Amino acid sequence: MKNNFFELPIPTREGEFIARYSKKGLAEMDFPATRPTRRVDRTSLREVSAASADLVSRWHRTTEAALKNILAGRAAKTLPPLDTAGTEFQQAVWRELRKISFGKTKSYGEIAQAIGKPKAVRAVGAANGANPVPIVVPCHRVIGSSGKLTGYGGGLPLKKRLLQMEGVLLAVI
DNA sequence: CATCAAAAACTCC
DNA sequence: GGAGTTTTTGATG
């Protein structure tokens, strides 16, 4: 660990997730073997001092617990502090995502409306895809306007499973 | 300028 | 009506 994020693996039933922490909190998380197109240079890449090591491991415990809870089909009790880097618009979208309570879904349109830009649905979709912390920030609970699944960075099958585990009944696909 | 994990309007059967 | 296609729309790289 030098001048990059702390990078810690989280083994789960779905595979090994990779969590990355900045000195301010959880910054990114990757699916087991998905797109390597993640960029870390958008966040402040300051060196995480060794002093914060146990802080990070504390976050990591929280993250791991949260992730496993969700994968087990249960609500995450607590989340680690997040340090998701993004534009104002993206932050707004992600903040909105986290308001979606467990087991519920929202459409892209609803989110666009919630952040005061009812017509920015398309952009909301893009912001979802740009979400650096999938699952913890429940981008999988966002679906099309008529209950249909749309896309998912981690693959549609996973999205479907996640939702079913949360007890969401999906429209026939 | 082209793209994107949308949505509504607009075709044509 | 319903299925497919086109058009609009906003942020992003």
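Model, not experiment: these values are computed from the prediction.
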Could you give the [atom1]-to-[atom2] distance, from [X] to [N], as a whole number of Å?
{"X": "A/Lys148", "N": "B/dA5", "atom1": "NZ", "atom2": "P", "answer": "16 Å"}
{"X": "A/Asn131", "N": "B/dC4", "atom1": "CG", "atom2": "C1'", "answer": "15 Å"}
{"X": "A/Arg122", "N": "B/dA9", "atom1": "CZ", "atom2": "P", "answer": "17 Å"}
{"X": "A/Phe89", "N": "B/dA6", "atom1": "CZ", "atom2": "P", "answer": "13 Å"}
{"X": "A/Ile111", "N": "C/dG10", "atom1": "CD1", "atom2": "C1'", "answer": "15 Å"}
{"X": "A/Lys106", "N": "B/dA7", "atom1": "NZ", "atom2": "P", "answer": "13 Å"}
{"X": "A/Gln113", "N": "B/dA6", "atom1": "CD", "atom2": "C1'", "answer": "14 Å"}
{"X": "A/Gln90", "N": "B/dA5", "atom1": "CD", "atom2": "C1'", "answer": "14 Å"}

### Query
When you match A/Ala126 and A/Gly144 each to their closest nucleotide on DNA chain B, which lands nearer the 5' end?
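Comparing both residues, the 5'-ward one is A/Ala126.
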
### Message
Consider side-chain contact (heavy atoms from CB on, under 4.5 Å). Of A/Val137, A/Asn131, A/Ile115, which one does A/Val93 pass it with?
### Response
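Between A/Val93 and the candidates, side-chain contact (heavy atoms from CB on, under 4.5 Å) is satisfied uniquely by A/Ile115.
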
Just compare [options] and give me whichever is closest to any side-chain atom of [X].
{"X": "A/Tyr108", "options": "B/dA8, B/dA5, C/dA11", "value": "B/dA5"}
{"X": "A/Ala123", "options": "C/dA11, B/dA7, B/dA5", "value": "C/dA11"}
{"X": "A/Val121", "options": "C/dT9, B/dA5, B/dA6", "value": "B/dA6"}
{"X": "A/Lys117", "options": "B/dC4, C/dA11, B/dA7", "value": "C/dA11"}

### Task
Compare all side-chain heavy atoms of A/Leu8 with those of A/Thr63 and state whether any distance is below 4.5 angstrom.
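Of all side-chain heavy-atom pairs linking A/Thr63 with A/Leu8, none is under 4.5 Å.
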
### Query
Do A/Glu96 and A/Lys106 come within less than 4.5 Å of each other through their side chains, counting heavy atoms only?
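Result yes, sub-4.5 Å side-chain heavy-atom pair found.
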
### Query
Is A/Glu166 salt-bridged to A/Arg141, going by a charged N under 4.0 Å from an acidic O?
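Salt bridge: yes.
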
### Query
Heavy atoms under 4.0 Å, any strand shown: does A/Tyr152 hit a base, just sugar-phosphate, or nothing?
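Base contact - A/Tyr152 has a heavy atom under 4.0 Å of at least one base atom.
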
### Task
For A/Ala120, report the nucleic acid contact type (base, sugar-phosphate, nothing); a contact means any heavy atom under 4.0 Å.
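Result for A/Ala120 = sugar-phosphate.
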
### Task
Would you kindly say whether A/Tyr108 and A/Ser145 are connected by a side-chain donor-acceptor distance under 3.5 Å?
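Distance-only check fails for A/Tyr108 and A/Ser145.
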
### Task
Determine which nucleotide pairs with C/dA3, using a 3.5 Å limit on both distances of a Watson-Crick or G-U wobble pair.
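Base-paired to B/dT11.
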
### Short side-chain N/O contact from A/Lys119 to OP1 or OP2 of B/dA6, under 4.0 Å
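No, no such contact exists.
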
